[in-house]
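The structure appears below as structure tokens.
Just so it is clear: chains get the letters A, B, ... in the order the sequence lines come, proteins before strands, and each one is counted from 1.
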Number of protein chains: 2
Amino acid sequence: MKKKTEINQQCSRCGVEYAFKRIGGKYKARIIWNLGNTELRFGELGRILPDVSTKMLTQALRELESDQLIIRKMYYEVPPKVEYSLTVTARQLIPFLEHLNDWGHTQIKNESIGKTNEGSSSN
Amino acid sequence: MKKKTEINQQCSRCGVEYAFKRIGGKYKARIIWNLGNTELRFGELGRILPDVSTKMLTQALRELESDQLIIRKMYYEVPPKVEYSLTVTARQLIPFLEHLNDWGHTQIKNESIGKTNEGSSSN
DNA sequence: CAGAATCCCCCACGATACTG
DNA sequence: CAGTATCGTGGGGGATTCTG
């Protein structure tokens with residue numbers, strides 16, 4: 001039984017912290033995002049994320065797998081073939097990532113028109 | 001059946017990547033989350049995030065500030081006082097973080113009852 | 001093709017001390 | 001109180017090579 005953590009934010013044990021431990025790596029969110037509705041092979045993922053070395057990609061995939069966020073389907077054939085897809089748990093994150101994606105695009109757009117917004121926190 | 005799409009996501013230049021560059025640090029999301037609807041002083045943030053050293057906290061705050069995600073309000077008095085709050089841009093992230101928070105809590109709960117879900121990716 | 005193994009460098013980050 | 005400055009270290013992560 002847990003110590004009571006009824007505070008939603010005040011705790012470092014908040015859901016956000018937990019979530020970021022699972023998808024907060026440098027590439028994990030992007031991996032999940034790209035796997036969104038597809039199965040992808042190792043090489044395909046690598047091509048989609050060119051800045052991720054195979055070592056890091058492997059590592060991230062392993063962690064996601066043992067975290068039960070992705071499924072690794074291996075085909076014993078020659079040449080080898082492995083397909084990655086999301087678990088249902090991970091899929092629950094897609095809406096979040098979608099919004100984040102929108103937010104990102106909006107920011108990019110605002111940047112490009114030199115819009116320096118902000119200033120008011122207007123409590 | 002996967003090859004199909006000129007998937008929108010294929011770009012590493014996607015919004016998710018961009019967004020994670022801004023809030024994807026190790027602590028940034030948690031900082032934003034905790035600032036959600038309040039102003040917090042430096043020390044308060046530090047206490048809320050005990051695992052974050054002052055150095056890292058300072059650094060993260062500086063980056064968030066120059067990224068125009070937080071506002072740093074300084075009071076020239078003795079002893080010094082600084083209050084941090086979110087910009088409106090950052091506030092747009094709160095709903096998503098809420099979603100993420102919920103997801104996290106759900107996962108924690110599922111873990112604690114030993115629920116090993118998953119298996120089907122069923123595209 | 002999908003990784004594992006190895007080598008190695010660099011800097012992210014903690015610890016500590018100091019300051020306005 | 002809210003930071004800066006400095007130092008030292010671990011390990012994150014790239015490049016390369018090898019294998020089933």
pair A/Leu86-A/Asn37: side-chain heavy atoms closer than 4.5 Å: no

Which pairs, protein N/O on one side and nucleotides 2-4 of chain C N/O on the other, fall under 3.5 Å?
residue: C/dA2; atom: OP1; partner: A/Arg41; partner atom: NE; Å: 2.7
residue: C/dA2; atom: OP1; partner: A/Arg41; partner atom: NH2; Å: 3.0
residue: C/dA2; atom: OP2; partner: A/Gly43; partner atom: N; Å: 2.9
residue: C/dG3; atom: OP1; partner: A/Arg62; partner atom: NH2; Å: 3.3
residue: C/dG3; atom: OP1; partner: A/Arg72; partner atom: NH1; Å: 2.1
residue: C/dG3; atom: OP1; partner: A/Tyr84; partner atom: OH; Å: 3.3
residue: C/dG3; atom: OP2; partner: A/Tyr84; partner atom: OH; Å: 2.6
residue: C/dG3; atom: O3'; partner: A/Arg62; partner atom: NH2; Å: 3.4
residue: C/dA4; atom: OP1; partner: A/Arg62; partner atom: NH2; Å: 3.2

Five-pair end axes of the helix from C/dC1-D/dG20 to C/dG20-D/dC1 and the angle they enclose, rounded to 10°: 60°

Sub-4.5 Å side-chain heavy-atom contact between A/Gln68 and A/Thr89: no

Under the ring pair (Phe, Tyr, Trp, His ring centres under 6.0 Å) test, residues paired with A/His99 that sit two or more places apart: B/Phe96

Reported CG-to-NZ distance for the pair A/Asp67 and A/Lys21, which is rounded to 0.5 angstrom: 11.5 Å

Partners passing ring pair (Phe, Tyr, Trp, His ring centres under 6.0 Å) against B/Phe42 (at least two apart in sequence or in another chain): none

Euclidean distance, A/Leu45 CG relative to A/Tyr27 OH, rounded to 0.5 Å: 13.5 Å

Spacing of B/Lys73 atom NZ relative to D/dA2 atom P, expressed in whole Å: 14 Å

A/His105 NE2 to A/Leu100 CG distance, which is reported to the nearest 0.5 Å: 10.0 Å

Contacts of B/Glu63 that satisfy salt bridge (charged side-chain N to carboxylate O under 4.0 Å, His left out) - sequence neighbours left out: B/Lys28

Any B/Gln59 side-chain heavy atom under 4.5 Å of B/Arg62 side chain: no

Within the sub-3.5 Å range, which N or O atoms of nucleotides 8-13 of chain C have a protein N or O partner, and how far apart are they?
residue: C/dC13; atom: N4; partner: B/Lys55; partner atom: NZ; Å: 3.3

Whole angstrom value for the distance that separates C1' of D/dA2 from CD1 of B/Ile48: 16 Å

